[in-house]
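Each remark here refers to the structure printed beneath this line.
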Amino acid sequence: QVQLVESGGGLVQAGGSLRLSCAASGRTSSIYTMGWFRQAPGKEREFVAAWSGGSTYYADSVKGRFTISRDNAKNTVYLQLNSLKPEDTAVYYCAATPSAYYASIHGYDYWGQGTQVTVSS
């Protein structure tokens, strides 16, 4: 089993920045891909970014504004959120999987509890 704990969410004005962290514990050696998803009220959970096998992947809506990174020594993945927009407001979830498939929620075995990001206009 793998446990994931997110932190770093909060309230920020449009144009501002936040950094989310996701600390993994347990059988972390089994993790190949770590991803970030988000879910806004009334909407489905959507892919944001993933780190998989040393490569990074982003949704078009965040490309150029968000950056995902991983610290293997700390078993932690980060999501740097820059140039935030009100439409980025959502609960952000960290997820992990032993597979290389990164874009769908169905490919992930482990999920964190989520952290709220609110961007005011």
Heavy-atom side-chain proximity of [X] to [Y] below 4.5 angstrom:
{"X": "L84", "Y": "Q13", "answer": "no"}
{"X": "T97", "Y": "I31", "answer": "no"}
{"X": "Q1", "Y": "R27", "answer": "no"}
{"X": "T118", "Y": "V12", "answer": "no"}
{"X": "Y58", "Y": "I68", "answer": "yes"}
{"X": "R70", "Y": "M34", "answer": "yes"}

**Prompt:** Does the side chain of N82 come under 3.5 Å of the side chain of S17 through a donor N or O and an acceptor N or O?
**Reply:**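 Indeed, the side chains of N82 and S17 share at least one donor-acceptor pair under 3.5 Å.
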
**Asked** Cut-off 3.5 Å, side chains only: do R38 and Y92 have a donor facing an acceptor?
**Response**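 Yes, side-chain donor-acceptor contact under 3.5 Å.
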
Quick check on the hydrophobic clustering: are [X] and [Y] connected, directly or via other members, by side-chain heavy-atom contacts under 4.5 Å?
{"X": "Y57", "Y": "W51", "result": "no"}
{"X": "V91", "Y": "I105", "result": "yes"}
{"X": "V62", "Y": "F47", "result": "no"}
{"X": "L81", "Y": "V77", "result": "yes"}
{"X": "L20", "Y": "V119", "result": "yes"}

Please give me the minimum heavy-atom distance between [X] and [Y], naming the atom from each residue.
{"X": "A49", "Y": "L79", "result": "CB-CD1, 4.0 Å"}
{"X": "T115", "Y": "G9", "result": "OG1-N, 3.2 Å"}
{"X": "S99", "Y": "Y32", "result": "O-CD2, 3.6 Å"}
{"X": "V2", "Y": "S30", "result": "CG2-OG, 4.0 Å"}
{"X": "S21", "Y": "T76", "result": "CB-CG2, 4.4 Å"}
{"X": "P86", "Y": "S121", "result": "CG-CB, 3.8 Å"}

**Message:** Keeping T28 on the side-chain end and S25 on the backbone end, is there a donor-acceptor pair under 3.5 Å?
**Reply:**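 Here the side-chain-to-backbone pair does not exist.
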
**Message:** If we ignore hydrogens and angles and just use 3.5 Å, is the side chain of E6 paired with the main-chain N or O of Q113 as donor and acceptor?
**Reply:**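 Yes.
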
**Prompt:** Taking atom OG1 of T33 and atom CG of D109, what is their separation to the nearest 0.5 Å?
**Reply:**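 Going from the OG1 atom of T33 to the CG atom of D109 covers 10.5 Å.
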
**Request:** Apply side chain to side chain contact (heavy atoms under 4.5 Å, CB included) to the pair L18 and Q80, showing each step before the final yes or no.
**Result:** CA-CA 6 Å; L18 284 173; Q80 179 68 40; over 6 Å; no

**Request:** Look at atom NZ of K74 and say whether more than 12 heavy atoms of other residues, nucleotides or ligands are closer to it than 6.0 Å.
**Result:**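 Check fails, neighbour count at 12 or below.
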
**Message:** Are F66 and W36, when compared by the centres of their aromatic rings, separated by less than 6.0 Å?
**Reply:**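 Here the rings of W36 and F66 have centres that are no less than 6.0 Å from each other.
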
**Request:** Measure from the ring center of Y108 to the ring center of Y102 and say whether it is less than 6.0 Å.
**Result:**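 No, they do not, as the ring centres are separated by 6.0 Å or more.
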
**Request:** May I ask you to decide whether D88 forms a salt bridge with K85, counting only side-chain N to carboxylate O separations under 4.0 Å?
**Result:**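 No salt bridge links D88 with K85.
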
**Cation-pi check, R45 onto Y93 ring (under 6.0 Å, within 45° of axis)** =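 Judged by the rule, R45 and Y93 form a cation-pi pair.
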
